[in-house]
Structures are given as structure tokens and as C-alpha cells.
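Numbers restart at 1 for each chain; the letters A, B, ... are given by sequence-line order, proteins then strands.
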2 protein chains.
Amino acid sequence: MPNNQFKKGELYSFITGKASTAIARRLQKKFNNAGLNLTIEQWSVLYHLWKEDRKSQQELCNATYRDKPSITRLLDNLEKLQLVKRVASEDDRRINKICLTKQGQKLQEHTMKLAEETLNDALEGVPPDQIDLCKEVLQKVYDNLK
Amino acid sequence: MPNNQFKKGELYSFITGKASTAIARRLQKKFNNAGLNLTIEQWSVLYHLWKEDRKSQQELCNATYRDKPSITRLLDNLEKLQLVKRVASEDDRRINKICLTKQGQKLQEHTMKLAEETLNDALEGVPPDQIDLCKEVLQKVYDNLK
DNA sequence: TTTGATTAGTTGTTTAACTAACTATATGCC
DNA sequence: GGCATATAGTTAGTTAAACAACTAATCAAA
């Protein structure tokens with residue numbers, strides 16, 4: 001086995017796991033320490049609803065890069081936590097519009113602050129132009145695989 | 001809510017999810033298409049065993065950034081597939097040395113080739129120096145959060 | 001207008017991550 | 001030797017991802 005392949009393997013682990021899971025774990029810990037009973041996955045759904053409410057489940061799939069069953073279950077749990085409500089669309093009865101509850105809205109400010117902190121922790125000492133370039137590379141990777 | 005926070009949110013989603021899950025999904029598909037009954041997570045454990053056999057479970061935890069229960073279950077499944085075997089250490093009976101079976105060894109060449117293909121697909125058109133810089137940024141992120 | 005295809009969402013099943021609580025072995029100190 | 005502590009690994013319970021198979025509503029074309 002040529003050594004080259006293991007080098008690529010290292011690169012693979014960088015891209016697929018290490019940094020991204022570290023960020024998610026850090027944010028999750030901040031949530032837990034703040035007494036917020038919320039998973040990162042649930043937060044990532046709320047995030048897109050804070051930008052624009054009343055999205056359909058399909059729109060949430062596209063926004064969060066998840067498939068439909070994943071969104072169904074995440075919304076099940078978010079409804080149990082009374083953070084969102086499914087509201088049947090009047091125009092098209094197949095569609096659920098997902099609405100934030102008061103409680104769901106209230107979480108925005110605090111959790112976004114914790115997310116910002118997490119990113120600041122993560123990116124400390126990384127120059128802005130390198131952040132931009134890294135973002136470009138990751139976007140390119142995503143586009144390449146679309 | 002200042003718009004700045006949503007910009008950071010976008011960055012967050014770039015780093016934590018999009019590209020990395022796209023790569024993993026692509027490789028998983030290659031495995032499935034090749035008729036390999038193997039998850040990416042299982043493969044990532046085998047990967048470290050191919051580099052060096054007879055690692056303890058704790059060493060696999062460190063190598064793969066997983067906790068002990070995760071490794072326990074992954075090894076349960078890898079044992080079911082008869083790709084590895086737990087062998088009690090003679091020096092310290094708390095320790096399991098994880099050994100590749102013949103079948104486990106045989107998977108290396110094919111799957112590493114598919115992983116290399118996946119990385120080539122993912123990184124097509126990205127100059128090597130940008131790949132290196134991206135890798136450095138992700139390493140820095142990981143170190144910042146350690 | 002009815003039939004066929006498409007779209008939106010749900011359910012079932014398997015695999016995996018994370019936390020907490022647990023057992024068993026080893027180590028260090030008195 | 002005996003006790004406290006640390007280390008290696010397992011088990012239990014919840015949440016989530018991926019895939020396949022499913023229901024219900026809509027749309028389009030004959």
C-alpha cells in the first residue's frame with residue numbers, strides 16, 4: 001500500500017470530521033452548561049426558522065441538507081419541546097408550514113450568542129482572509145459533489 | 001438581531017456540516033455501489049487498524065475522535081461482520097487488542113481506492129496550496145477547541 | 001374526468017453519537 | 001496485605017442519520 005494513500009486518509013479525516021465535530025461538541029456543551037435543553041441539530045433547524053418563519057418541511061430539508069425523515073423526526077422533537085408548531089397550508093394541504101412558538105422565538109438571542117462565542121473560540125488566531133479561503137474551498141468541495 | 005450573527009451562522013454551517021457530510025455520503029455511496037456492506041464509521045476504524053494492527057480500544061478512541069461507548073459498538077458490529085477480533089491482552093487483562101481478520105485485511109486496497117477517488121472528486125479544481133491552507137485552518141480550529 | 005405521475009410528509013429499521021452508570025483490572029500508598 | 005484511585009471497557013437510554021416503503025394530496029394529459 002503506497003504511503004500516499006494514508007496521507008490522503010489524513011486529509012480525509014480533517015475534512016470530514018475533526019474540526020466540524022469539535023465545533024458542534026463545543027456548542028452543545030455551551031447549551032448544556034446554560035441549562036438549554038436543545039440539541040445542535042434542533043438548533044440548526046430553529047436557526048433557519050429565525051431567518052424566515054413558516055417554511056415548509058421540504059424547504060427545511062434543503063436549508064439544512066437533511067432528508068425528509070430526518071426533518072420529520074427533528075420537528076417531532078421540537079414540537080414536543082413546544083418550540084415549533086406544524087400548521088397545515090391552506091393553499092396546498094400536503095404542506096406543513098412550520099411556525100415558531102413564543103418559546104421558540106425566545107431562544108434565538110441567547111443561542112445565537114453562544115454560537116458566535118463558539119465560532120470566535122474556534123477561529124481564534126486565524127486571519128480573516130484564511131477563513132474566507134477555507135470557506136471557499138469547502139464550498140467548492142460541496143459543489144463538486146452535488 | 002444584527003445581521004452579522006446570521007453571517008456567522010452561515011460560516012458555522014460551512015464548517016460543521018455541508019462539505020464534510022457531502023464527502024462522507026459520496027464515499028458511502030461508492031461502498032454501496034460496490035456491494036461493500038460497510039459503513040463509513042466502520043471504515044474509519046479499519047483505516048487506523050490497517051496502519052497498525054493490535055491497537056487497544058482506547059487507542060482507537062483517540063485515533064478516531066470517538067468516545068469509548070462508540071468504539072465498543074462499532075467493534076461489536078465489525079466483529080459481527082467478522083472483520084476484526086477482540087483479543088485480550090496478556091500484559092493487562094483490562095485491555096482488548098483489536099486484530100484484523102483476513103477478511104478485514106482484504107478490504108483495505110479496494111476501499112482505500114474508493115476513498116482516494118472520493119477525495120479526488122471532492123477536491124477537483126482546488127489548487128494544492130489552497131488544500132494545504134484549508135487543512136491548516138481546520139487543524140487550528142481543532143487545536144483551539146481541544 | 002379519470003388515470004398516471006409527481007410531490008409532501010410519515011413510519012419502520014439499522015447504525016451511530018453522547019451521557020451516565022456500571023464492572024473488572026491494575027496501581028499506588030499506607 | 002488492604003484500601004483508595006485510576007484505567008479499560010460495557011450497558012442502558014435518548015437523539016439523530018440514512019434508506020426503503022408507505023399514505024395523501026396535487027397536477028397533467030388523454
Point to revise | Spacing between B:N96 atom CG and D:dA8 atom P, to the nearest angstrom | key: 12 Å

Check your understanding: Under 4.0 Å between a side-chain N/O of A:Q42 and OP1 or OP2 of D:dA16, yes or no?
Key -> yes

Review point. Is B:D92 touching bases, backbone alone, or none of the nucleic acid, heavy atoms closer than 4.0 Å?
Key: sugar-phosphate

Review point. Should A:E41 and A:R66 count as side-chain neighbours, where that means a heavy-atom distance under 4.5 Å?
Key: yes

Exercise for review: Would you kindly give the CD1-to-C1' distance between B:I98 and D:dG9, to the nearest whole Å?
Suggested key: 10 Å

Revision key, fill the gap. By nearest-heavy-atom nucleotide on DNA chain D, the more 5' of A:T39 and A:P69 is A:T39

Review point. Roughly how many Å is it from CZ in B:F31 to C1' in D:dC19, rounded to a whole number?
Key: 17 Å

Exercise for review: With the side chain counted from C-beta on, respond yes when A:N77 and A:K80 share a heavy-atom pair under 4.5 Å apart, and no when they do not.
Suggested key: yes

Point to revise | Within 6.0 angstrom of B:D129 CG, more than 12 heavy atoms from elsewhere | key: yes

Review point. Contact class for B:T72 (heavy atom, under 4.0 Å): base, sugar-phosphate, or nothing?
Key: base

Check your understanding: Taking only side-chain nitrogens and oxygens of B:R93, does any of them come within less than 4.0 Å of OP1 or OP2 of D:dA8?
Key -> no

Revision key, fill the gap. Among D:dA20, C:dG9, D:dG9, the one nearest any side-chain atom of B:K68 is D:dG9

Review point. Do any side-chain nitrogens or oxygens of A:Q57 fall under 4.0 Å of OP1 or OP2 in C:dT10?
Key: yes

Revision key, fill the gap. Between CG of B:L60 and P of D:dG9 the distance, given in whole Å, is 9 Å

Practice item. May I have the distance from A:I95 (atom CD1) to C:dT7 (atom P), rounded to whole angstrom? Key: 12 Å

**Study point:** Separation of atom CG in A:L27 from atom P in C:dA17, rounded to whole Å
**Key:** 19 Å

Check your understanding: Roughly how many Å is it from CD in A:Q58 to P in C:dT6, rounded to a whole number?
Key -> 16 Å

Practice item. Give one of base, sugar-phosphate or nothing for B:Q28, where a contact means two heavy atoms less than 4.0 Å apart. Key: nothing

Check your understanding: Any N or O donor-acceptor pair linking the side chain of A:R94 to the base of C:dT7 at under 3.5 Å?
Key -> yes

Review point. To the nearest Å, how far apart are B:K29 NZ and D:dA17 C1'?
Key: 13 Å

Review point. Less than 4.0 Å between a side-chain N and a carboxylate O, is that true for A:D143 and A:K146?
Key: yes

Review point. So does B:D76 pair up with B:R86, basic N to acidic O under 4.0 Å?
Key: yes

Review point. Quick one: does B:R73 reach the base of D:dG9 with a side-chain donor-acceptor pair under 3.5 Å?
Key: no

Exercise for review: Look at all strands and tell whether A:L74 reaches a base, only sugar-phosphate, or nothing, counting heavy atoms closer than 4.0 Å.
Suggested key: sugar-phosphate

Point to revise | Nucleotide nearest A:S70 (side chain, heavy atoms from C-beta), chosen from D:dA17, C:dG9, C:dT25 | key: D:dA17

**Study point:** Contact under 4.0 Å: A:T21 side-chain N or O vs C:dA17 OP1/OP2
**Key:** no

**Study point:** Sidechain N-carboxylate O distance under 4.0 Å for A:D121, A:K30
**Key:** yes

Study note, to complete from the structure: Taking for B:K80 and for A:R86 the nucleotide of DNA chain C with the nearest heavy atom, the one nearer the 5' end belongs to A:R86

Practice item. Remember a base hit wins even if backbone is also touched, and classify B:N77 as base, sugar-phosphate or nothing at under 4.0 Å, heavy atoms. Key: sugar-phosphate

